[in-house]
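Before anything else, here's the structure in question.
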Amino acid sequence: MYSSLLFHSIISLLFIFFTTKYAQSETPVAKPKPSALFVFGDSTVDAGNNNFIRTPMKSNFPPYGRDFFNHIPTGRFTNGRLVSDFIASYVGIKDSVPAYLDPTLRIEDLMTGVSFASAGSGYDPLTPTLSSAITLEQQMEYFKEYKSKMELFIGKERTLDLINRAVFMLSAGTNDFIVNYYGLGEPVSQVIYPNVTSYQNFLFENIEQFLKELMNEGARKIGVVGLPPMGCLPEVITLNRDAAINGRKCVEPMLSVASDYNVILQNKLKAMQTSETKFYYADIYKPILDMIQFGKSKLGFEEVSAGCCGSGYIEAAILCNTNSAVCDDASKYVFWDAVHPTEQAYYYVFKDIRPVVDIVLNDY
Ligand SMILES: *[C@@H]1O[C@H](CO)[C@@H](O)[C@H](O)[C@H]1NC(C)=O
């Protein structure tokens, strides 16, 4: 009886001794981490905002979302998660970044960040008008509305602290070229901007203005995504007569437009950096081109130039729907529809830009 009690006391003491010792010597000083992830841009990062506005640019129906959590078509333009979802998960915030306009969001969802992005949007205000998408200016207004809401919930000071410690991500630009300058908007945009250099300069003015406003609102860490190899998107190849009949090769001029733009973007971001706010460039051009060029030989893809949904050459948004033929295994495809990558491709892009995310984390 006595010995058993004594034994237990010794064990308890030992336990307390070791746990205290362990706690003192082994627990690293907690490293600050991002409070939230806020996302702006187009369909590459829209988590379903377009579900709540009048626009033909929707994807909240099958087969979209086929491989998402619970197989839900959320309004993401792919079969599963987006790069922004993988980033939020990697930095330990949450498994996916929800759409700001979703009325069912709880305060916990809002506190860890949301996406303001809208499929069809772009840096030229004319671009979202062509697809009835949410302009970047309106996305900024929503962010300000978000801030006011949070101030009511947690106060001004904590809201500003939340914003200061958050990561921001901006991903757009493709629609400015493929929908606007070389597409529907051509009769207007190519008159105002007779060459692509002048159009790019106009886009950069808009980007700089948007980034400055984000800084004014308290953003301290802002990642900006470059352009993909636009000339290799299945739909771009289809709509270019020469490329379509020429073995469906990538449209070269569109590739150099994208790579020139990416070089200038990196320089602009460097020039905008201040002691308070850091900018990070995320390159998606190389990983996407790699998948298209070496996807079959080296990366385990079976189809790199046609989408999984429909014919794979033209369908996106409403044209990819419940009546479309869909491939069995989207993870073997680089493209989900004729414009947007599969979850597998987005995951590959995420892995490629993960070193940039690590730099962001190191800056905390
Ligand atoms: C492009 O257009 C602008 C005027 O909008 C002009 O000043 C510039 O010289 C042009 N550049 C080229 C390369 O043609």
Side-chain angles (χ1 to χ4, degrees), residues 40-44 57 117-141 170-216 222 224-246 248-273 279 281-286 288-289 292-293 339:
F40 301 83
D42 61 17
S43 59
T44 53
M57 295 294 283
S118 168
S121 201
Y123 295 123
D124 177 349
L126 175 62
T127 307
T129 311
L130 296 170
S131 329
S132 307
I134 305 167
T135 61
L136 274 165
E137 196 185 351
Q138 181 60 43
Q139 293 182 30
M140 180 64 75
E141 289 307 310
L170 175 59
S171 174
T174 301
N175 296 323
D176 293 310
F177 293 96
I178 70 169
V179 178
N180 185 341
Y181 198 73
Y182 295 114
L184 284 176
E186 184 184 315
V188 175
S189 296
Q190 294 207 9
V191 169
I192 309 177
Y193 307 100
N195 56 58
V196 70
T197 310
S198 56
Y199 188 62
Q200 282 189 347
N201 290 339
F202 167 65
L203 296 184
F204 284 123
E205 281 167 28
N206 292 335
I207 295 172
E208 276 180 59
Q209 200 187 330
F210 186 86
L211 293 176
K212 281 193 183 133
E213 200 160 351
L214 265 190
M215 290 164 83
N216 286 339
I222 308 173
V224 183
V225 179
L227 287 178
M230 300 184 293
C232 298
L233 304 181
E235 191 180 80
V236 170
I237 295 174
T238 304
L239 296 178
N240 183 296
R241 199 148 40 104
D242 292 342
I245 57 175
N246 234 330
R248 295 192 60 82
K249 288 202 188 73
C250 298
V251 182
E252 283 294 336
M254 293 277 258
L255 290 183
S256 48
V257 167
S259 49
D260 291 350
Y261 168 103
N262 287 341
V263 171
I264 302 169
L265 175 62
Q266 290 173 69
N267 293 331
K268 298 264 183 203
L269 294 179
K270 269 181 208 138
M272 282 191 79
Q273 191 122 305
F279 291 97
Y281 169 71
D283 186 70
I284 59 167
Y285 186 97
K286 188 179 179 299
I288 295 181
L289 195 60
I292 291 163
Q293 289 180 331
V339 179

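Just follow the structure's listing: the first ligand is 1, and inside any ligand the first atom is 1. Worth knowing before you read on, the calculation uses all heavy atoms, side chains too, and leaves out hydrogens, waters and symmetry mates.
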Problem set entry | atom 2 (O) of ligand 1 protein-contacted (non-hydrogen atom, under 4.0 angstrom) | yes
Problem set entry | Parallel, tilted or perpendicular: ring planes of Y199 versus F177, cut at 30 and 60 degrees | perpendicular
For this session: Assess the side chains of S198 and N195: does a donor N or O sit below 3.5 Å from an acceptor N or O?
Result: yes
Problem set entry | Worked verdict on L289 versus K286 for side-chain contact (heavy atoms from CB on, under 4.5 Å) | CA-CA 5 Å; L289 195 60; K286 188 179 179 299; 5.9 Å; no
Problem set entry | Heavy-atom nearest neighbour of atom 6 (C) of ligand 1 within options T197, N201, V196, N195 | N195
For this session: Mind checking the OH-CG spacing from Y123 to N180? Nearest 0.5 Å is all I need.
Result: 14.5 Å
Exercise. What residue and atom, counting heavy atoms only, is the protein's closest point to atom 4 (C) of ligand 1, and at what distance?
Worked result: P194 CG, 4.3 Å
